[in-house]
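FYI, the numbering just counts along the sequence from 1. Because the structure is predicted, anything quoted here is derived from the model rather than measured.
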Amino acid sequence: MSISQAQSALYTRWAGQLECGYLRRDRKGWSALALALGLFCVGLPAGAWAGDVPAGEAAPSAQPQAPEVTLTVAAQQNAGLETSHAQAGALTGTIDAMAMIQPEAGHLVRIHPAGAGKVLTVSVVPGQQVNAGDVLLTYQNNALHGVRLQMTKAQAALSTAQAALQNARATYERGRALEGGAVSVGETRRRFAALRAAEDDVQARQADLDTLRHQLEREYNSVTESDVSPNDREDETSRIIAPRAGEVQKVGVGVADDIGPNTELVTLADLSTVWIVSDILPQDAQRVQPGGVQVTVSERQGRPVVRSTITAIGYLADPATGLVRVISRADNADGRLHPGMFLTTRLPTRDPVSGVVVPASAVVDIDGVSTVFVAKGPERFQARSVHVGAEQDGKAVIVSGLAAGEMVVTQGAFTLKSVMLKSSMGGD
């Protein structure tokens, strides 16, 4: 096997194993040890580097030559290919993590009935969006009938007390008019005391009625519950309503279930803002920047979904997982984030990462390896394996594999990737 053949054999393992099956190329390039062992695995004898080189020629480099892609100027224009010089710079460091969307604890409403009875209808399901005032369910409120009966009795008692008060007042007025003649002073005083007692009784009966009315109007008619027919003393139906716009998280009952004041009927979440929760290693949590801007990315779309501000970093690890929780608050006015969603996220760190800054669009993934295309001529582009240290605001900082000043493809890298992969498979 010649030197060029050995290099070719090594390079065909661009993103995977070498022939021996246990060595891999790292993101910083081929190590001398990996190269030497790789040559051994493909059967190249020791000393072949010197023996196969003709006298007077320079020995070949131990670094395999990266592949090149040829693309005509016309094809570059059709693909919208653009290039620019890589610039030295620094970006805020990031930690990649998994994140889960959760509703804010203060935005959860757990609705309970004011009375007791049996569920008649259920109008919502988990995940459903509702507006303030929408009916969630109805139930036969046994307590409602009892309160109305008590109000009827209290109203009758009040009417009786008011009639007694009028009689006591009239009796007292007659006594004053006849005081000293037909009516003694002592009798007038007794009639006055009876008048005061009647007034107190009216106030007591009025207080009883007001208490029941308050119970009916405030407990059975509130932001979460409404009396269907407040003027119908025979109707015992109550409606459970949404106190605000939000998403139904949980429905805890079904039709014909018996319920009481301790029964959690529906859990409603206001998702205008949500929490983005990440559980990371304690040593990583110490590096996270409090108040920093976190970027959450959709794996399916491969683009930023939302930017959020870190509001809380835990200091104690969860005993079960050994991880520390990081929480950020994100605006969700458009409703695209739903509780339970799992997304990838980048947490900002305190320390910046220095290197060569390029547009993030310049970096493509080839078989799990971050790669950029470096212009080597008007129609020649070299695929270069690089290590990305951080990404921020549409930019990426390359910490190895690329030098400042090199001309990098910033738009159209996916086209060059497709051409390279097609060529490697023997396509025309």
- Message: Nearest 0.5 angstrom please: S278 OG to L347 CG, how far?
- Response: 5.0 Å
- Query: Between Q76 and E379, does a side-chain contact (heavy atoms from CB on, under 4.5 Å) hold up when you go through it step by step?
  - Reply: CA-CA 8 Å; Q76 295 177 37; E379 299 182 348; 4.2 Å; yes
- Task: Locate the shortest heavy-atom distance separating I111 from I240; write the atom from each residue and the value.
- Result: CG2-CG2, 3.6 Å
- Thinking salt bridges, do R148 and E236 make one under a 4.0 Å N-O criterion? no
- Message: Between L323 and D318, is the side-chain contact (heavy atoms from CB on, under 4.5 Å) condition met? List the steps.
- Response: CA-CA 6 Å; L323 302 177; D318 187 315; 5.5 Å; no
- Backbone N/O of V369 and side chain of T371: donor-acceptor pair under 3.5 Å: yes
- Item | Backbone of T263 reached by a side-chain donor or acceptor of H112 within 3.5 Å | yes
- Test: R196 and D200 ion pair at under 4.0 Å: no
- State, to 0.1 Å, how close G115 and N141 come at their nearest heavy-atom pair, and which atoms those are. CA-OD1, 3.5 Å
- Separation of M341 CE from I276 CD1 (nearest 0.5 Å): 9.5 Å
- Message: Using only atom types and a distance under 3.5 Å, with no angle test, would you say the side chain of N332 pairs donor to acceptor with the backbone of R336?
- Response: yes
- From CG (L281) to CZ (R287), nearest 0.5 Å: 10.5 Å
- Message: I'd like to know if the side chain of H85 and the backbone of G405 have a donor-acceptor N/O pair within less than 3.5 Å.
- Response: yes
- Considering non-hydrogen atoms only, spot the tightest contact between A114 and P261 and give its length. O-CG, 3.9 Å
- Message: Under 3.5 Å, is there a donor on one side chain and an acceptor on the other for R239 and T138?
- Response: no
- Query: Using a distance-only test with no angle check, is there a side-chain donor-acceptor pair under 3.5 angstrom linking Q286 and Y315?
  - Reply: no
- Query: Do S361 and T410 get their side chains close enough for a donor-acceptor pair, meaning under 3.5 Å?
  - Reply: no
- Straight-line distance of N78 CG to T72 OG1, nearest 0.5 Å: 7.5 Å
- Can V419 and K422 be said to form a side-chain contact (heavy atoms from CB on, under 4.5 Å), step by step? CA-CA 5 Å; V419 173; K422 183 178 179 181; 5.8 Å; no
- Mark yes or no for whether E406, through its side chain, and A403, through its backbone, hold a donor-acceptor pair below 3.5 Å. yes
- Query: Any donor and acceptor pair, going by atom type alone, linking the side chain of Q166 with main-chain N or O of A163 inside 3.5 Å?
  - Reply: no
- Distance, nearest 0.5 Å, that separates CG of L120 from OG1 of T237: 5.5 Å
- Polar side-chain atom of T311 near backbone of I327 as donor-acceptor pair, under 3.5 Å: yes
- Item | Flag, side chain of Q150 to backbone of L212, donor-acceptor distance under 3.5 Å | no
- Task: Would you tell me whether Q294 and T345 have side-chain atoms, one donor and one acceptor, within less than 3.5 Å of each other?
- Result: yes
- Test: E104 and R329 ion pair at under 4.0 Å: yes
- Query: How far apart are the C-alpha atoms of V288 and V324, what are their side-chain angles, what is the distance that settles it, and do they pass the side-chain contact (heavy atoms from CB on, under 4.5 Å) test?
  - Reply: CA-CA 11 Å; V288 174; V324 172; over 6 Å; no
- Task: Please report the closest heavy-atom contact between N142 and G117, naming both atoms and the distance.
- Result: ND2-CA, 3.7 Å
- Message: Closer than 3.5 angstrom, by distance alone: can the side chain of T349 be matched with the main-chain N or O of D351 as a donor-acceptor pair?
- Response: yes
- Could you check if a side-chain atom of V119 sits within less than 4.5 angstrom of a side-chain atom of I259, using non-hydrogen atoms only? yes
Would you give me the side-chain donor-acceptor pairs under 3.5 Å for residues 246-254, sequence neighbours excluded?
from : atom 1 : to   : atom 2 : distance (Å)
E247 : OE1    : Q129 : NE2    : 3.0
E247 : OE1    : H338 : ND1    : 3.3
E247 : OE2    : Q249 : NE2    : 3.0

- Item | Pairwise distance CZ(R350) to OG1(T92) - rounded to 0.5 angstrom | 13.0 Å
- Item | Shortest non-hydrogen separation from V109 to P243 and the atoms involved | CG1-CG, 4.0 Å
- Message: Strictly distance-based, threshold 3.5 Å: is any side-chain N or O of N221 a donor or acceptor partner for the main-chain N or O of D227?
- Response: yes
- K417, NZ: over 12 other non-hydrogen atoms inside 6.0 angstrom: yes
- What's the shortest heavy-atom distance between V397 and L91, and which atoms? N-CD1, 3.6 Å
